**Q** 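For reference, the structure I am asking about is given below.
To find a chain, count down the sequence lines: A is the first, B the second, and so on, and within it residues start at 1. Since this is a predicted model, take the numbers as computed values, not measurements.
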Amino acid sequence: MRMSHLFGRTLRDAPGDAELPSHRLMLRSALIRPLGAGIYSLLPIGWRVIRKIEGIIREEIDAIGGQEMMMPVVHPADLWRESGRYDQVGPELARFQDRGERDMVLAMTHEEVVTDLARQEIGSYRQLPQLIYHLQTKWRDEPRSRGGLIRVREFTMKDSYSLDLDEAGLDVSYRNHWRAYERIFRRCGLRFVVVGADTGMMGGSASHEFMALSPHGEDIVLLCPTGDYADNQEVATFRRDAPAAEAPLPMEEVETPNATTIQKLADFLDVPLSRTAKAVFFRGDSGRFVFAVIRGDLDVNETKLRKAAGENGLTPATPEEIRAVGAEPGYGSPVGVRDALIVADESVRDSPNLVAGANRPGWHLRNVNLGRDYEAQVVADIASAAAGFPCPVCGTPLAAERAIEVGNIFKIGTRYSEPMGATYLDAEGRSHPIVMGCYGIGSGRLAATVVEQHHDDRGIAWPASIAPFHVSLLALGGGNDAAPTEAADRLYDELTAAGIEVLYDDRSDRAGVKFNDADLIGCPLRLSVSARTLANGQAELKPRAAAESTFLPLAEVVPTVRGLLDGMMAGLDGSRSD
RNA sequence: CGGGGAGUAGCGCAGCCCGGUUAGCGCGCAGCGUUCGGGACGCUGAGGUCGGAGGUUCGAAUCCUCUCUCCCCGACCA
């Protein structure tokens, strides 16, 4: 590609509202342009990166038996009513009517379509297992898009779906995807960890997320330094203290003016946070009041609480709602409340004689004990794990890291096949629902995440496997001297003929402009020819990642470049295990 | 949805409080000339509904009201 013909120009300054490194660099290097909030065009250079990523994904999913296909973006709403998600999913699902006033949706994912296809095409156990996938546009009307391509509303996702006879078959499909995903992300040069995760709106029994560690990540993962444990914070657990062996003491009231927070209370009474009980109030989607109780030194994890309470969603309760169940904001405890689902964390079961609210302003209760002073309908782990908490496996203090979710895998089981009637007949003629898995990777987010991990203050430094071009070729010092341009033209032809992808900077700009653009766009190798190098019959070669350049005879350029690229690719072959 | 910030030339910004020349600066863009290895220089030039609507005023980028859009933090989220 000759830069003089390239559509899209590089920017010296990024727009002021772009903050993430990947967002700024992808704008500056002419990879993407915004059209609206969370909606982007991919310019030619950016599209080349995406196509390379998609190529890697195709190879690896094909390698585990995937069959690529294509499913529609617009779905009849009735299909989503069959699965129950039409009403279950919130406004992030875009709904509209066609000219016949039929309800339609824009696909945010494709489980319903796959399941519909499966019930049409699959009838017999002889036809299973199957693995199908596509790369398709999704629309999710996110409440808040952000960070360039990290979180957008319109995006392309590779999603694959496994169809199996039973759980054992699903286990195999799941494991295959896990391995394929590791290879995909390694080939893209990404550093990542795999963590256990919540299944969220997908439903199902198990889920893992592939997390690229990055200070700009939206998720927090908890990792054991020994490597024996890794989970998303939303599901992470930790080793609990042994229950305290302490006889229950008589409950007594104590006046605690202005002790409206657990910290003020602990300070006022001069007791550790771990000797207090904290109450947190929610209203569940079902309409029930959910009253969570947890020891004062811990925080409620809403994902865990939602599961423990059996609710689809939780909203913080209002002061009126809190008083309606007999509690008092700032002084709440489960003692004496009514019409509420009380969910206690294991910590309050195992910690006797806690200080809790008296449900009237300015007063607390000492020596409150679960089972004696109040009952909880649910006792469960609803506590948030955090940095420094003991690893649930080995007790080592956990580390907390921010991370970007670049892929995830779900065991959705019969969540869709059962309600939608996607069944097969076994050898005895009995009907069973197909057991499903689904597996997603967002290609644009993946590209942005690679930029987050591979850049410096001069620009992007692409891994060779997904670089838009292999080589930036610069013809320096044009002017009256046509020799550099002629030599660069020949190199361009030779490299291209050898199958090497070249971004040829044939513009009439000065050297500094070309160097800066080459560093910004970040092709793995940079070749320069000028009067200075040609005086010795040479070209200058500098890897993007290296500090120093080398000079080599023009005739050796193609084999040298070939060799360097092969070496770079070999380091990104996906088999590395780290 | 809550909190904060911002919309003035393609990009980055000033001007706004305290209304008053023809709305400015840098970069970029076009032409000519000189330059030519880390974002050159000179001259000339093009480019603006000051986000939109309404209002106050002799006069509005500037003051008031409404509204749209974008960004950041949070809530939310495969």
Side-chain angles (χ1 to χ4, degrees), chain A residues 8-20 23-24 27-28 30 33-39 85 89-93 107-111 138 140-148 150-153 155 157-161 197-204 207-210 216 218-219 232 234 282 285 302-303 306 312-316 405-412 415 437-442 445 458-459 474-481 484-485 505 507-520 526 528-535 539-540 542 549 551:
Chain A
R9 55 184 173 179
T10 57
L11 306 176
R12 187 174 293 200
D13 302 305
D17 52 23
E19 296 201 349
L20 290 195
H23 191 192
R24 297 177 64 83
L27 288 168
R28 286 188 56 207
R33 291 290 181 257
L35 184 63
I39 310 175
R85 282 161 123 192
V89 178
E92 60 267 30
L93 175 65
M108 53 192 295
T109 175
H110 282 78
E111 284 74 22
K138 316 274 172 172
R140 292 184 189 175
D141 199 351
E142 296 284 349
R144 185 180 155 215
S145 55
R146 68 188 100 183
I150 297 287
R151 184 170 206 77
V152 291
R153 294 194 292 171
F155 60 102
M157 187 170 86
K158 184 290 299 177
D159 43 332
S160 30
Y161 300 89
D198 181 46
T199 52
M201 76 161 189
M202 305 296 301
S207 167
H208 287 84
E209 293 172 333
F210 290 73
H216 298 113
E218 299 184 272
D219 287 280
N232 192 312
E234 62 189 16
F282 297 92
D285 279 3
E302 278 193 42
T303 304
R306 186 163 41 78
N312 264 326
L314 295 171
T315 314
E405 178 192 345
V406 288
N408 57 26
I409 55 180
F410 289 91
K411 289 185 181 178
I412 53 177
R415 162 65 182 84
C438 74
Y439 318 87
I441 295 177
R445 179 185 285 186
R458 307 196 64 81
L474 314 186
L476 303 181
N480 296 324
D481 184 1
T485 299
D505 197 340
R507 299 174 301 179
S508 57
D509 288 278
R510 296 163 64 88
V513 173
K514 298 188 180 187
F515 285 137
N516 279 301
D517 272 350
D519 288 344
L520 175 63
R526 188 186 81 194
S528 315
V529 286
S530 65
R532 187 189 293 180
T533 69
L534 292 174
E540 178 190 1
K542 180 181 170 300
S549 60
F551 293 83

**Q** For A:Asp519, enumerate each residue passing the side-chain contact (heavy atoms from CB on, under 4.5 Å) test, keeping only those at least two apart in sequence or located in another chain.
**A**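 A:Asp519: side-chain contact (heavy atoms from CB on, under 4.5 Å) contacts with A:Arg458, A:Arg526, A:Arg544.
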**Q** Assign A:Phe155 to base, sugar-phosphate, or nothing according to its heavy-atom contacts below 4.0 angstrom with the strands shown.
**A**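 Base contact.
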**Q** Using Watson-Crick or G-U wobble geometry with both distances below 3.5 Å, tell me the partner of B:rG48, or none.
**A**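 Paired with no nucleotide.
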**Q** Determine the Euclidean distance between corresponding P atoms of B:rC72 and B:rG28; express it in Å to zero decimal places.
**A**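 After rounding to an integer number of Å, I get 28 Å for this pair.
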**Q** Who are the side-chain contact (heavy atoms from CB on, under 4.5 Å) partners of A:Asp285, not counting sequence neighbours?
**A**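 With neighbours one apart ignored, the set is A:Glu311, A:Asn312.
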**Q** With sequence neighbours excluded, tell me which residues meet side-chain contact (heavy atoms from CB on, under 4.5 Å) with A:Asp17.
**A**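 A:Pro15.
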**Q** Determine the Euclidean distance between corresponding C1' atoms of B:rC1 and B:rC18; express it in Å to zero decimal places.
**A**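 The answer is 38 Å between these two C1' atoms.
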**Q** Nearest nucleotide by nearest heavy atom, which residue falls closer to the 5' end of RNA chain B, A:Glu302 or A:Phe515?
**A**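 With A:Phe515 and A:Glu302 compared, the 5'-side residue is A:Phe515.
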**Q** Rounded to whole Å, how long is the line connecting atom CD of A:Glu92 with atom P of B:rA75?
**A**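 Nearest whole value for this atom pair: 16 Å.
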**Q** Among B:rG37, B:rA40, B:rG12, which is the nearest nucleotide to the side chain of A:Pro15?
**A**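 For the A:Pro15 side chain, the nearest candidate turns out to be B:rG12.
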**Q** Can you tell me if A:Arg28 uses its side chain to pair, donor with acceptor, with the backbone of A:Ala14 under 3.5 Å?
**A**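 Looks like no, no N/O pair under 3.5 Å.
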**Q** Considering Watson-Crick and G-U wobble pairs with both distances under 3.5 Å, what does B:rA6 pair with?
**A**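 Check on B:rA6: paired to B:rU69, both distances under 3.5 Å.
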**Q** If I pick the C1' atom on B:rC64 and the same atom on B:rC71, what distance separates them, to the nearest angstrom?
**A**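 Comparing C1' positions in B:rC71 and B:rC64 gives a spacing of 26 Å.
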**Q** Identify whether any heavy atom of A:Thr533 sits under 4.0 Å from a base atom; if not, whether one sits that close to sugar-phosphate; answer base, sugar-phosphate or nothing.
**A**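 The answer is base, as A:Thr533 lies within the cut-off (heavy atoms under 4.0 Å) of a base atom.
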**Q** Who passes side-chain contact (heavy atoms from CB on, under 4.5 Å) against A:Thr303, sequence neighbours left out?
**A**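 Per chain and number, A:Thr303 pairs via side-chain contact (heavy atoms from CB on, under 4.5 Å) with A:Asp198, A:Glu234, A:Asn301, A:Arg306.
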**Q** So what's B:rG33 paired with, Watson-Crick or G-U wobble, going by both distances under 3.5 Å?
**A**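 Paired with B:rC41.
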**Q** Counting only Watson-Crick pairs (N1-N3 plus N6-O4 or O6-N4) and G-U wobbles (N1-O2, O6-N3), all under 3.5 Å, who is the partner of B:rC1?
**A**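 Its partner is B:rG74.
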**Q** Please classify the nucleic acid contact of A:Arg526 as base, sugar-phosphate, or nothing, using heavy-atom distances under 4.0 Å.
**A**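 Result for A:Arg526 = base.
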**Q** Partner of B:rC25 by Watson-Crick or G-U wobble geometry, both contacts under 3.5 Å, or none?
**A**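 With both distances under 3.5 Å, B:rC25 matches B:rG12.
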**Q** When the P atoms of B:rG33 and B:rC63 are considered, how many whole Å apart are they?
**A**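 About 48 Å, rounded to a whole number of Å.
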**Q** A:Asp505 has an atom CG; how far is it from atom P of B:rC36, in whole Å?
**A**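 That distance rounds to 19 Å.
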**Q** Please determine, for the side chain of A:Asp517, which listed nucleotide (B:rG37, B:rA40, B:rG39) has the closest atom?
**A**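 My answer, after comparing the listed nucleotides, is B:rG39.
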**Q** Within this structure, what is the CZ-to-P distance between A:Arg24 and B:rC11, rounded to whole angstrom?
**A**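 In whole Å, B:rC11 P and A:Arg24 CZ are 14 Å from each other.
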**Q** Nucleotide by nucleotide, 5' to 3', does protein get under 4.0 Å of the base (B), only the sugar-phosphate (S), or neither (-) in nucleotides 68-74 of chain B, counting heavy atoms?
**A** --SSSBB
**Q** Could you list all N or O pairs between the protein and nucleotides 27-32 of chain B that sit under 3.5 Å apart?
**A**
none

**Q** Name the nucleic acid region contacted by A:Glu405, choosing base, sugar-phosphate or nothing; use a 4.0 angstrom heavy-atom cut-off, strictly under.
**A**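 The residue A:Glu405 makes sugar-phosphate contact but no base contact.
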**Q** Do A:Glu111 and A:Arg85 sit within salt-bridge range, that is, some charged N less than 4.0 Å from a carboxylate O?
**A**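 Looking at A:Arg85 together with A:Glu111, the answer is yes, because their closest N to O distance falls below 4.0 Å.
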**Q** Which whole number of Å gives the distance between the C1' atom of B:rA75 and that of B:rG48?
**A**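 Roughly 39 Å separates the two C1' atoms.
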**Q** Is it true that a side-chain atom of A:Lys158 and a backbone atom of A:Tyr439 form a donor plus acceptor pair closer than 3.5 Å?
**A**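 Flag set: sc A:Lys158 to bb A:Tyr439 pair under 3.5 Å.
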**Q** Under the side-chain hydrogen bond (donor to acceptor under 3.5 Å, both in side chains) test, which residues partner A:Asn408, sequence neighbours left out?
**A**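 So A:Asn408 forms a side-chain hydrogen bond (donor to acceptor under 3.5 Å, both in side chains) with A:Glu405.
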**Q** So, taking the atom named CZ in A:Phe515 and the one named CG in A:Asp505, what distance separates them when rounded to the nearest 0.5 Å?
**A**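 Answer for the CZ-CG pair, A:Phe515 versus A:Asp505, is 10.0 Å.
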**Q** Considering only the C1' atoms, how many Å lie between B:rG38 and B:rC29, rounded to the nearest integer?
**A**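 Here B:rG38 and B:rC29 have their C1' atoms 23 Å from each other.
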**Q** Taking side-chain hydrogen bond (donor to acceptor under 3.5 Å, both in side chains) as the test, write out the residues that go with A:Ser528, two or more places apart.
**A**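 Listed in chain order: nothing, the list is empty.
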**Q** Go through the structure and list residues passing salt bridge (Lys or Arg N to Asp or Glu O under 4.0 Å) with A:Arg153, not counting sequence neighbours.
**A**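 For A:Arg153, the residues satisfying salt bridge (Lys or Arg N to Asp or Glu O under 4.0 Å) (neighbours in sequence not counted) are A:Asp141.
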**Q** Test for a donor-acceptor pair under 3.5 Å between the base of B:rG39 and the side chain of A:Arg507, counting only N and O atoms.
**A**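 Donor-acceptor pair under 3.5 Å: no.
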**Q** Go ahead and name the base partner of B:rA60; Watson-Crick or wobble counts if both distances stay under 3.5 Å, otherwise write none.
**A**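 Across all strands, not a single nucleotide pairs with B:rA60.
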**Q** Using the C1' atom as the reference point in each nucleotide, state the distance between B:rU49 and B:rG45 in Å, no decimals.
**A**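 Those two atoms are separated by 23 Å.
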**Q** For B:rC27 versus B:rC41, give the span between their P atoms, rounded off to a whole number of Å.
**A**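 It works out to 7 Å between them.
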